Amino acid sequence: MENKKIEAVVSKCKKKWGIDSKTANLMNLVDSWFDNIDQNDREIYLRLLDNFNYYTKESEGKYAKFVVKKIKEIDPLISESIIVPLLKQEEGISGAYKLVRSIQIAGGLNTALCPTSLATFEEEFDLNYIRNIIIVDDIAGTGNTLVKNFNYMKNKYPN
């Protein structure tokens with residue numbers, strides 16, 4: 001794929017999102033991201049990037065309200081749902097935790113509905129009441145981590 005095409009998309013994204021500490025070096029980040037993507041799939045990923053929405057702190061609150069609205073469409077009282085960050089095998093806290101907290105605040109939700117420890121949640125609550133598990137991720141990884149982390153969560157928390 002031509003580097004000019006990538007540069008054009010990166011430039012467009014920076015204009016759309018603005019420049020902050022995460023977008024200032026976007027070209028290098030995209031280059032690193034593409035190192036993990038098969039050459040034949042790069043055009044698709046470039047189109048995805050072109051349509052991607054990056055959320056600044058300012059727009060994070062709007063996004064959280066949107067998520068709460070969507071959850072209420074499937075669970076009006078948000079009483080049969082939990083909202084969890086995408087968990088990874090490696091220790092550490094990702095940006096997904098921050099998004100979960102923003103959703104909790106925007107929806108005025110009880111902390112129990114947004115557990116950061118699924119092990120504790122399994123011990124303290126009856127899982128039969130949970131009908132929906134909303135998994136939140138900031139999608140800031142390389143693209144290879146999503147499936148790996150879903151499988152990790154499925155295996156670690158089979159219930």
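No experiment lies behind these values; they were computed from the predicted model shown.
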Colleague: State, with a plain yes or no, whether a side-chain heavy atom of Ile130 is found less than 4.5 Å away from one of Phe121.
Modeller: yes

Colleague: Rounded to the nearest 0.5 Å, what's the gap from CD1 on Ile71 to CD1 on Ile78? Could you check?
Modeller: 5.0 Å

Colleague: Hey, is the main chain of Ile37 close enough, under 3.5 Å, to the side chain of Asp41 for a donor-acceptor pair?
Modeller: no

Colleague: Does the Ser81 side chain pair with the main chain of Asp75, one donor and one acceptor, at a distance under 3.5 Å?
Modeller: no

Colleague: Taking atom CE of Met27 and atom CG of Leu29, what is their separation to the nearest 0.5 Å?
Modeller: 10.5 Å

Colleague: Report yes or no: does Arg101 contribute a side-chain atom to a donor-acceptor pair with the main-chain N or O of Cys114 at less than 3.5 Å?
Modeller: yes

Colleague: Only one of Leu87, Ile133, Leu127 clears side-chain contact (heavy atoms from CB on, under 4.5 Å) with Tyr157; which?
Modeller: Leu87

Colleague: To the nearest 0.5 angstrom, please state how far the CG atom of Asp50 sits from the CD1 atom of Ile6.
Modeller: 12.0 Å

Colleague: Taking only residues two or more places apart in sequence or in another chain, which ones pass side-chain hydrogen bond (donor to acceptor under 3.5 Å, both in side chains) with Asp126?
Modeller: Asn128

Colleague: With the side chain counted from C-beta on, respond yes when Trp17 and Leu26 share a heavy-atom pair under 4.5 Å apart, and no when they do not.
Modeller: yes

Colleague: When you look at CZ of Phe125, are more than 12 heavy atoms from neighbouring residues, nucleotides or ligands closer to it than 6.0 Å?
Modeller: yes

Colleague: Could you state the interatomic distance from NZ (Lys70) to CD1 (Ile103), rounded to the nearest 0.5 Å?
Modeller: 13.5 Å

Colleague: Heavy atoms only: give me the nearest Val30-Val10 pair and the separation to one decimal.
Modeller: CG2-CG2, 3.9 Å

Colleague: Please report the shortest heavy-atom distance between Lys16 and Phe52, naming the atom on each side.
Modeller: NZ-O, 3.4 Å

Colleague: Could you see if Leu109 belongs to whatever hydrophobic cluster contains Ile74? Use Ile, Leu, Val, Met, Phe, Trp, Tyr and a side-chain cutoff under 4.5 Å.
Modeller: no

Colleague: Verify, without hydrogens or angle tests, whether Lys14 (side chain) and Asn25 (backbone) share a donor-acceptor contact under 3.5 angstrom.
Modeller: no

Colleague: For Tyr63 and Asn53, which I'm curious about, is there any donor-acceptor pair between the side chains at under 3.5 Å?
Modeller: no

Colleague: Just how far is it from atom CG of Leu118 to atom CE of Met153, taken to the nearest 0.5 Å?
Modeller: 5.5 Å

Colleague: Give the minimum heavy-atom separation between Pro115 and Ile82, together with the two atoms involved.
Modeller: CD-CB, 4.2 Å

Colleague: Side chain to side chain contact (heavy atoms under 4.5 Å, CB included) between Leu113 and Gln104: does it pass, once the steps are laid out?
Modeller: CA-CA 8 Å; Leu113 297 175; Gln104 178 189 347; over 6 Å; no

Colleague: Could you check if a side-chain atom of Gln39 sits within less than 4.5 angstrom of a side-chain atom of Arg42, using non-hydrogen atoms only?
Modeller: yes

Colleague: Please report the shortest heavy-atom distance between Lys22 and Tyr54, naming the atom on each side.
Modeller: CB-OH, 3.4 Å

Colleague: Taking all non-hydrogen atoms of both residues into account, name the closest pair between Val84 and Val100 and its distance.
Modeller: C-CG2, 3.8 Å

Colleague: Strictly distance-based, threshold 3.5 Å: is any side-chain N or O of Asp137 a donor or acceptor partner for the main-chain N or O of Ala96?
Modeller: no

Colleague: Do the non-hydrogen side-chain atoms of Glu7 and Glu2 ever get within less than 4.5 Å of each other?
Modeller: no

Colleague: Of all the heavy-atom pairs spanning Ser102 and Ala64, show the shortest one and how long it is.
Modeller: O-CB, 3.4 Å

Colleague: Side-chain contact test, heavy atoms from C-beta onward, threshold under 4.5 Å: evaluate it for Ile83 versus Val136 and give yes or no.
Modeller: yes

Colleague: I would like to know whether Glu60 and Lys98 meet side chain to side chain contact (heavy atoms under 4.5 Å, CB included); could you show each step before the answer?
Modeller: CA-CA 10 Å; Glu60 189 176 287; Lys98 189 171 93 169; 3.1 Å; yes

Colleague: Are Leu99 and Ile105 linked, directly or through other ILVMFWY residues, by side chains that come within less than 4.5 angstrom of each other?
Modeller: no

Colleague: For a side chain to side chain contact (heavy atoms under 4.5 Å, CB included) check, start with the C-alpha distance between Thr120 and Glu124, then their side-chain angles and the critical distance, and finish with the verdict.
Modeller: CA-CA 6 Å; Thr120 303; Glu124 295 179 2; 3.3 Å; yes

Colleague: Output all residues satisfying side-chain contact (heavy atoms from CB on, under 4.5 Å) with Asn51, sequence neighbours left out; order by chain, then residue number.
Modeller: none

